[in-house]
Amino acid sequence: MQVNTDILILILGMAIVTYIPRAIPAIIVDKINFSDKVEKFLNLIPYTAMSALIFPGIITVDAHNPAIGVIGGGVAFALAWKKCSVMVCVLDAIAVDLLLYSFI
């Protein structure tokens, strides 16, 4: 099997172009001192992003029994409110939904 050099160069170029915009903010953010308000805002971004990803699934999880999605979302919200990690929120909401599917 012959390796096409043009394709390898293309893949390498795409990897570099994708990596640079992701690496630069990570390097710059470590060197900047933010105010307390900005720091608090930045710490809340993961919870906001996760809720934006989860919310459509809550609404459409089960057309016949939408309460399952609402209860799972409520569990995730309550855990996020208590400042649990994102992984704990997601896994516990999934576990609650699995239990509800088992018994309903």
Side-chain angles (χ1 to χ4, degrees):
M1 184 169 159
Q2 184 178 3
V3 177
N4 191 342
T5 307
D6 291 339
I7 292 175
L8 289 176
I9 292 171
L10 181 66
I11 292 171
L12 182 63
M14 288 188 297
I16 291 170
V17 169
T18 302
Y19 180 75
I20 289 173
R22 294 172 190 225
I24 289 175
I27 293 168
I28 292 173
V29 167
D30 286 342
K31 296 180 181 179
I32 298 175
N33 292 327
F34 295 108
S35 68
D36 289 339
K37 284 186 177 184
V38 173
E39 190 75 30
K40 184 176 181 179
F41 171 77
L42 292 174
N43 286 333
L44 293 174
I45 289 175
Y47 297 104
T48 306
M50 188 56 68
S51 64
L53 292 171
I54 290 174
F55 188 72
I58 290 172
I59 302 296
T60 60
V61 69
D62 189 355
H64 300 293
N65 197 355
I68 291 174
V70 172
I71 292 169
V75 168
F77 176 79
L79 292 172
W81 188 266
K82 289 186 167 191
K83 302 210 184 215
C84 292
S85 70
V86 174
M87 188 62 76
V88 169
C89 295
V90 171
L91 291 177
D92 286 356
I94 290 171
V96 167
D97 284 346
L98 283 173
L99 287 172
L100 289 172
Y101 269 119
S102 298
F103 295 111
I104 293 179

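Atom set for the values below is all heavy atoms of this structure, side chains included, hydrogens, waters and symmetry mates excluded. If you're wondering where the values come from, they're calculated on a predicted model, not measured in any experiment. Numbering starts at 1 and runs along the sequence shown.
Residues Leu42 and Ile28 share a hydrophobic cluster, clusters being chains of Ile/Leu/Val/Met/Phe/Trp/Tyr side chains in contact below 4.5 Å. Ile45 and Leu53 fall into different hydrophobic clusters, where Ile, Leu, Val, Met, Phe, Trp and Tyr residues are linked whenever their side-chain heavy atoms come under 4.5 Å apart, directly or through other members. No continuous path of ILVMFWY side-chain contacts below 4.5 Å connects Val17 to Leu12, so the two sit in separate hydrophobic clusters.
The local environment of CG in Asp36 is sparse, with at most 12 non-hydrogen atoms from other residues, nucleotides or ligands closer than 6.0 Å.
Heavy atoms only, all atoms of each residue included: Pro56 and Thr60 are closest at O-OG1, 2.9 Å. Contact record, Pro66 with Ala63: CD-O, 4.0 Å, taken as the closest heavy-atom pair.
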I'd like a table of donor-acceptor pairs (distance under 3.5 Å, sequence neighbours excluded) in which one partner is a side-chain atom from residues 85-104, with atom names and distances.
{"unit_1": "Ser85", "atom_1": "OG", "unit_2": "Val88", "atom_2": "N", "d": "3.3"}
{"unit_1": "Ser102", "atom_1": "OG", "unit_2": "Leu98", "atom_2": "O", "d": "2.9"}

Verdict with reasoning, Asn4 to Leu8, per side-chain contact (heavy atoms from CB on, under 4.5 Å): CA-CA 7 Å; Asn4 191 342; Leu8 289 176; over 6 Å; no
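Rounding to the nearest 0.5 Å places OG1 of Thr48 at 7.5 Å from CZ of Phe41. We find the CD-CG distance between Glu39 and Asn33 to be 9.0 Å, quoted to the nearest 0.5 Å.
Using a 4.5 Å cut-off on side-chain heavy atoms (C-beta onward), Ile24 and Ile27 make no contact.
The ring-ring contact (aromatic ring centres under 6.0 Å, His included) check on Phe77 picks up Trp81, with sequence neighbours excluded.
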